[in-house]
Amino acid sequence: MAAHLITIATFLLFILLTASMFNFNQTLAKERNHNSMVLGMAQYSRNSLPPIPRASRIRNSSKKPSEILDMMEPLREITNGYLISLNLGSPPQVIQAYMDTGSDLTWVPCGNISFDCMECDEYRNNKLTTAAFSPSFSSSSSRDLCGSSFCNDIHSSDNNYDTCTMAGCSLATLLKSTCPRPCPLFAYTYGADGVVTGALTRDTLTVHGNSPSATREIPKFCFGCVGSTYREPIGIAGFGRGTLSLPSQLGFLKIGFSHCFLSFKFANNPNISSPLVVGDVAISSKDYLQFTPMLRSPIYPNFYYIGLEAITIGNVVSAIKVPSNLREFDSRGNGAMLIDSGTTYTHLPEPLYSQILSFLQSAITYPRAKDVEMRTGFDLCYKVPCKNNDTFIDDLPSITFHFLNNVSLALPQGNHFYAMGAPSESTVVKCLLFQSMNNEDDNIYGPAGVFGSFQQQNVEVVYDLEQERVGFQPRDCAVAAVAQGLHKM
């Protein structure tokens, strides 16, 4: 309780300081929480609960159109997510950021000396920090103006004032829409666990095409140049459906993207990366996938929702039916399942979550590892026999998610129960890496559940934005990485 009060007090102090300096309110993006240790490394869940000018396609006659019109970037896996390398500025500075389908704003730490992250000692101790962007070293960097659509978007929930009025523009320039003042500084919050403050900035973003030699420059890409954060040491590349998101600014909002997340065993391995493909190649020739409809939230239209109908444990004939609010939105626009690469573990509402635990306890006869449950905070851990010290083979019950449109996704082995350490005396402790939504209030706000990135490992996931659907297909993503040249020998 004391630590919690200290955290809240520090958080409130941060808000007061930033509000006094910049005199603006906060923009709700999404909620995160921080979890326990896995494999001896800090495991921080980035739990998401809710928070256009379309870029022209640049053609180059010396390269094939498919090489220019699509984007292919490697994702580096770390212990709590997947990092994309952003090449910002002229000349390009390489800044790593989380690839996050649960938010819109792309932001990076700015100023190697001036960047300040409060309550970030845990991250620094685990070396979970990245380089900062220096606008002064880029010849193409500029502040976004107060009259831009991006400025209006990021301040849309602040107040009812015009952004140029907030910037102090004269009446004459307001009437003519010619005010040259920069966009007011913003604050972007991630629930109670994270805050970033900074300035909207424009600069050149360089992305890669289908071949290593094909590159594309996106001039005046808009992102947050962040100088201060609370518990957010690493930038975020927003892949949501809003105007500020990276796919939107690159002109891919009506096309789509796909990813194939490597399994957790490859975390922090610099020699292999997860494939991320954006554009036509990502959604073409995907008939082998199962597609479920993409649901559009009336109150959170910028995020990706799908409908969950049932869950099957093991080989039982009857599936566990889920509450209706996981299949669809209620009259207030809340409910359904958010699919989010920025949330580590899948979150399910009560009493469904406890029901899943009861089914698993009835089906598993191995002894519980209560000490590991207490230490990690996970609710179900077992001491599992480990033949030949192979931690990836077991006879624990499978878990299958059944989504709308008769889509069934059997989670690949290792996506539900995961080894928490090395084997000892031919036994390894495995824990269920699901979590409860912990909705203490009957008035559920936002999604009813979240489908996290850990359960998306070794699954090809396609966001077909043209046909408003999400596709799934279990796949060895390490093999896919090798096929796309993302493995260093």
Side-chain angles (χ1 to χ4, degrees), residues 35 38 45 261 263-264 290 292 306-328 335-339 343-370 372-373 376-387 391-420 427-439 447-459 461 470 472-475:
N35 292 309
V38 173
S45 172
F261 291 154
S263 67
F264 196 81
Q290 300 180 81
T292 187
I306 52 180
L308 181 66
E309 290 193 297
I311 296 176
T312 300
I313 306 294
N315 297 319
V316 297
V317 177
S318 59
I320 301 172
K321 293 184 177 180
V322 304
S324 60
N325 66 344
L326 274 171
R327 295 193 297 270
E328 58 191 8
M337 181 166 248
L338 181 73
I339 177 168
T343 296
T344 307
Y345 308 124
T346 290
H347 287 61
L348 297 173
E350 293 290 0
L352 174 63
Y353 177 72
S354 294
Q355 197 176 358
I356 298 292
L357 296 184
S358 296
F359 268 80
L360 290 169
Q361 290 178 67
S362 299
I364 300 172
T365 59
Y366 298 128
R368 293 275 290 275
K370 296 280 190 177
V372 178
E373 293 175 359
T376 64
F378 294 116
D379 294 310
L380 213 56
C381 298
Y382 289 97
K383 299 175 182 178
V384 181
C386 182
K387 297 180 180 179
T391 61
F392 296 98
I393 298 177
D394 60 50
D395 58 355
L396 294 170
S398 61
I399 298 179
T400 302
F401 281 72
H402 304 279
F403 298 108
L404 294 176
N405 200 35
N406 295 317
V407 171
S408 295
L409 176 62
L411 297 182
Q413 195 163 36
N415 282 23
H416 35 80
F417 282 96
Y418 193 82
M420 306 303 287
T427 300
V428 66
V429 174
K430 293 191 174 185
C431 293
L432 178 68
L433 301 192
F434 284 28
Q435 292 185 320
S436 170
M437 286 292 287
N438 289 328
N439 288 311
V450 183
F451 193 54
S453 64
F454 196 90
Q455 279 65 49
Q456 298 175 46
Q457 296 174 121
N458 282 324
V459 177
V461 182
V470 178
F472 300 101
Q473 177 63 40
R475 186 176 183 185

Using a 4.5 Å cut-off on heavy atoms from C-beta on, say whether the side chain of [Y] contacts that of [X].
X: Phe359; Y: Ile399; result: no
X: Phe403; Y: Glu309; result: no
X: Phe472; Y: Val461; result: yes
X: Ile339; Y: Gln456; result: yes
X: Val407; Y: Val470; result: no

| field | Whether Phe264 and Phe454 hold their rings parallel, tilted or perpendicular, with breakpoints at 30° and 60° | value | tilted

| task | Mind telling me whether Phe401 and Phe434 have parallel, tilted or perpendicular rings, with 30° and 60° as the class edges? | result |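 If you compare the ring of Phe434 with that of Phe401, the planes turn out tilted.
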
Return the [atom1] to [atom2] distance between [X] and [Y], rounded to the nearest 0.5 Å.
X: Ile356; Y: Leu348; atom1: CD1; atom2: CG; result: 6.5 Å
X: Leu357; Y: Ser362; atom1: CG; atom2: OG; result: 10.5 Å
X: Tyr418; Y: Cys431; atom1: OH; atom2: SG; result: 12.0 Å
X: Ile320; Y: Leu352; atom1: CD1; atom2: CG; result: 7.0 Å
X: Lys383; Y: Lys370; atom1: NZ; atom2: NZ; result: 11.5 Å
X: Leu409; Y: Ile306; atom1: CG; atom2: CD1; result: 9.0 Å

I need the minimum non-hydrogen distance between [X] and [Y], along with the two atoms involved.
X: Arg327; Y: Val322; answer: NH1-O, 3.2 Å
X: Gln435; Y: Phe378; answer: NE2-CE2, 4.1 Å
X: Ala319; Y: Ala310; answer: CB-CB, 3.8 Å
X: Gln455; Y: Asn415; answer: NE2-O, 2.7 Å
X: Met437; Y: Gly449; answer: SD-CA, 4.0 Å
X: Pro412; Y: Asn458; answer: CG-O, 3.6 Å

Main-chain N/O of [Y] paired with [X] side-chain donor or acceptor, under 3.5 Å:
X: Thr427; Y: Val384; value: no
X: Glu373; Y: Cys381; value: yes
X: Glu328; Y: Gly335; value: no
X: Thr292; Y: Leu404; value: yes

| message | Run the side chain to side chain contact (heavy atoms under 4.5 Å, CB included) test on Phe417 and Leu360 for me, step by step, so that the C-alpha distance in whole Å, both residues' side-chain angles and the decisive distance to 0.1 Å come before the verdict. | response | CA-CA 11 Å; Phe417 282 96; Leu360 290 169; 4.2 Å; yes

| field | Residue pair Tyr366, Lys430: steps toward the side chain to side chain contact (heavy atoms under 4.5 Å, CB included) verdict | value | CA-CA 11 Å; Tyr366 298 128; Lys430 293 191 174 185; over 6 Å; no

| task | Verify side chain to side chain contact (heavy atoms under 4.5 Å, CB included) between Asp379 and Tyr353, making sure each step is shown before the conclusion. | result | CA-CA 10 Å; Asp379 294 310; Tyr353 177 72; 2.5 Å; yes

